[in-house]
Visitor: 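Below is one structure. I have some questions about it.
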2 protein chains.
Amino acid sequence: MYQSPEYRQLTDYLHVQGLNVTPERMEVLSLVLKQKGHFRIEDLIRNSARRKKSISRATIYRSLKTIEQAGLIKSIRSINDEKIYEIVKGHHDHMICEQCGAIIEFHNSELESLQDRICNSRNFTASRHVMKIFGICSACQKKQE
Amino acid sequence: MYQSPEYRQLTDYLHVQGLNVTPERMEVLSLVLKQKGHFRIEDLIRNSARRKKSISRATIYRSLKTIEQAGLIKSIRSINDEKIYEIVKGHHDHMICEQCGAIIEFHNSELESLQDRICNSRNFTASRHVMKIFGICSACQKKQE
DNA sequence: GAAATAATTGAGACTGAATCTCAATTATTC
DNA sequence: GAATAATTGAGATTCAGTCTCAATTATTTC
């Protein structure tokens with residue numbers, strides 16, 4: 001149980017921070033890893049409620065924050081301002097369809113190096129960035145024809 | 001009164017949309033234009049409350065949304081997830097200091113054309129983008145030395 | 001410009017996400 | 001295994017943002 005590298009990463013983080021390794025924290029991570037693609041906190045809460053031993057709303061919020069700080073997940077805001085989480089794989093950015101709300105991931109290395117250049121020229125030490133492009137996805141464009 | 005181009009832009013938008021031109025909407029725009037740089041809705045509400053004829057919270061929220069749709073202002077989320085508004089001048093992006101919360105504007109034309117290329121290659125029709133770079137600003141770096 | 005019509009406003013109730021409180025429970029340390 | 005400190009759960013609380021609906025106001029028409 002709890003073999004995959006994600007659990008290691010979390011326990012390592014907890015140890016470094018002097019935090020306790022609790023079943024609740026591990027269970028929240030396990031709920032997260034069961035999600036496919038993007039998810040909302042309410043999804044986790046509902047999924048947890050379905051189990052024998054459910055985890056309280058407060059603990060799910062608290063653990064998610066810890067898991068985010070451990071670098072395992074990150075959050076973005078969708079069109080309707082909803083907070084959406086996703087598992088951190090490689091870094092990527094997002095295109096968001098203003099019509100259907102679809103969130104499309106992309107990665108572009110030019111963009112990454114451009115960020116560095118922009119920051120260097122202004123003495124800003126960047127730790128990360130968020131790029132969101134809003135518009136109409138190809139599927140919605142076809143529908144309109 | 002209400003001579004500057006911003007008021008024109010708003011009344012034009014209201015006419016096109018078949019919405020009424022009300023003193024409240026104009027007054028909210030005037031509150032907005034008094035702000036320097038970035039501001040929060042609560043700032044406007046507080047400023048409005050100070051006046052002879054104050055405008056209700058609900059109307060300020062409603063009018064701000066209209067003013068945003070008219071293209072006069074836009075919003076971003078700061079580090080602590082606070083919703084921050086700013087007057088739309090030319091398009092620009094943001095660097096956000098994770099230490100002091102400072103929001104620094106920048107514009108880079110390479111970034112703009114790069115966006116187009118990325119979208120073209122994926123059949124995504126972009127209408128706008130948001131780029132936020134998080135890190136430590138030069139002032140905070142000096143403080144730490 | 002007065003009447004008719006439709007949109008807007010204000011006050012406060014309401015909603016829902018997120019946080020807080022604190023006693024009871026549990027992980028960690030020695 | 002006892003002592004200590006961290007964590008949890010349940011529900012209260014907070015706060016931004018939205019909704020309701022009667023009263024008001026802008027707009028249109030003649």
Visitor: For A:Y61 and C:dT19, give me the distance from atom OH to atom P, rounded to whole Å.
Guide: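 Nearest whole value for this atom pair: 7 Å.
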Visitor: Between C:dA18 and A:K65, is there an OP1 or OP2 to side-chain N/O distance shorter than 4.0 Å?
Guide: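 It does not, given that no N or O in the side chain of A:K65 lies less than 4.0 Å from OP1 or OP2 of C:dA18.
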Visitor: Side-chain N or O of B:R25 less than 4.0 angstrom from OP1 or OP2 on C:dT8?
Guide: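 For C:dT8, OP1 or OP2 has a side-chain N or O of B:R25 closer than 4.0 Å.
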Visitor: Just how far, in rounded Å, is P of D:dA10 from CD of A:E24?
Guide: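 The distance from CD of A:E24 to P of D:dA10 comes to 11 Å, rounded to the nearest Å.
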Visitor: To the nearest angstrom, how far is A:R57 atom CZ from D:dT8 atom C1'?
Guide: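 A:R57 atom CZ is separated from D:dT8 atom C1' by 15 Å.
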Visitor: Can you measure B:L64 atom CG to C:dT9 atom C1' for me and round it to whole angstrom units?
Guide: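 Rounding to the nearest Å, CG of B:L64 and C1' of C:dT9 are 15 Å apart.
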Visitor: Just wondering, more than 12 heavy atoms not from A:K74 lying within 6.0 Å of its NZ?
Guide: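 Result for NZ/A:K74: enclosed.
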Visitor: Using a strict threshold of under 4.0 Å (side-chain N to carboxylate O), is an ion pair present between A:R57 and A:E42?
Guide: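 Counted as a salt bridge, because a side-chain N and a carboxylate O are separated by less than 4.0 Å.
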Visitor: What is the separation between atom CZ on A:R77 and atom C1' on D:dG17, rounded to the nearest whole Å?
Guide: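 Answer to the nearest Å: 12 Å.
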Visitor: In this structure, how many angstroms lie between the P atom of C:dT8 and the CD1 atom of B:I55, rounded?
Guide: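 After rounding, the reported distance stands at 15 Å.
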Visitor: Do B:R62 and C:dG10 have a side chain to base donor-acceptor pair shorter than 3.5 Å?
Guide: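 Side chain to base: pair present.
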Visitor: Can you tell me the distance, in whole Å, between the OH atom of B:Y85 and the C1' atom of D:dA16?
Guide: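 Nearest whole value for this atom pair: 11 Å.
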Visitor: Map A:T22 and B:L19 onto DNA chain C by nearest heavy atom, then report which one ends up closer to the 5' terminus.
Guide: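 In this pair, the answer is B:L19.
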Visitor: If you compare every side-chain N and O of A:K53 against the phosphate oxygens of D:dG9 (OP1, OP2), does one of them come in below 4.0 Å?
Guide: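 So the side-chain polar atoms of A:K53 do come within 4.0 Å of the phosphate oxygens OP1 or OP2 of D:dG9, strictly under.
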Visitor: Measure the distance from CG on A:N20 to P on C:dT25 and round it to the nearest whole Å.
Guide: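 Distance check: A:N20 CG to C:dT25 P gives 17 Å.
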Visitor: Would you call A:R8 and A:D12 a salt bridge, taking side-chain N to carboxylate O under 4.0 Å as the test?
Guide: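 The answer is yes: the pair qualifies as a salt bridge.
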Visitor: Under 4.0 Å between a Lys/Arg side-chain N and an Asp/Glu carboxylate O for B:K89 and B:E105?
Guide: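 Salt bridge absent between B:K89 and B:E105.
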Visitor: Is any side-chain heavy atom of A:R51 less than 4.5 Å from a side-chain heavy atom of A:L31?
Guide: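 A:R51 reaches A:L31 side chain to side chain.
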Visitor: For A:S63 and B:P23, take the nucleotide of DNA chain D holding the closest heavy atom to each; which residue's nucleotide lies nearer the 5' end?
Guide: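 Nearer the 5' end of the strand: A:S63.
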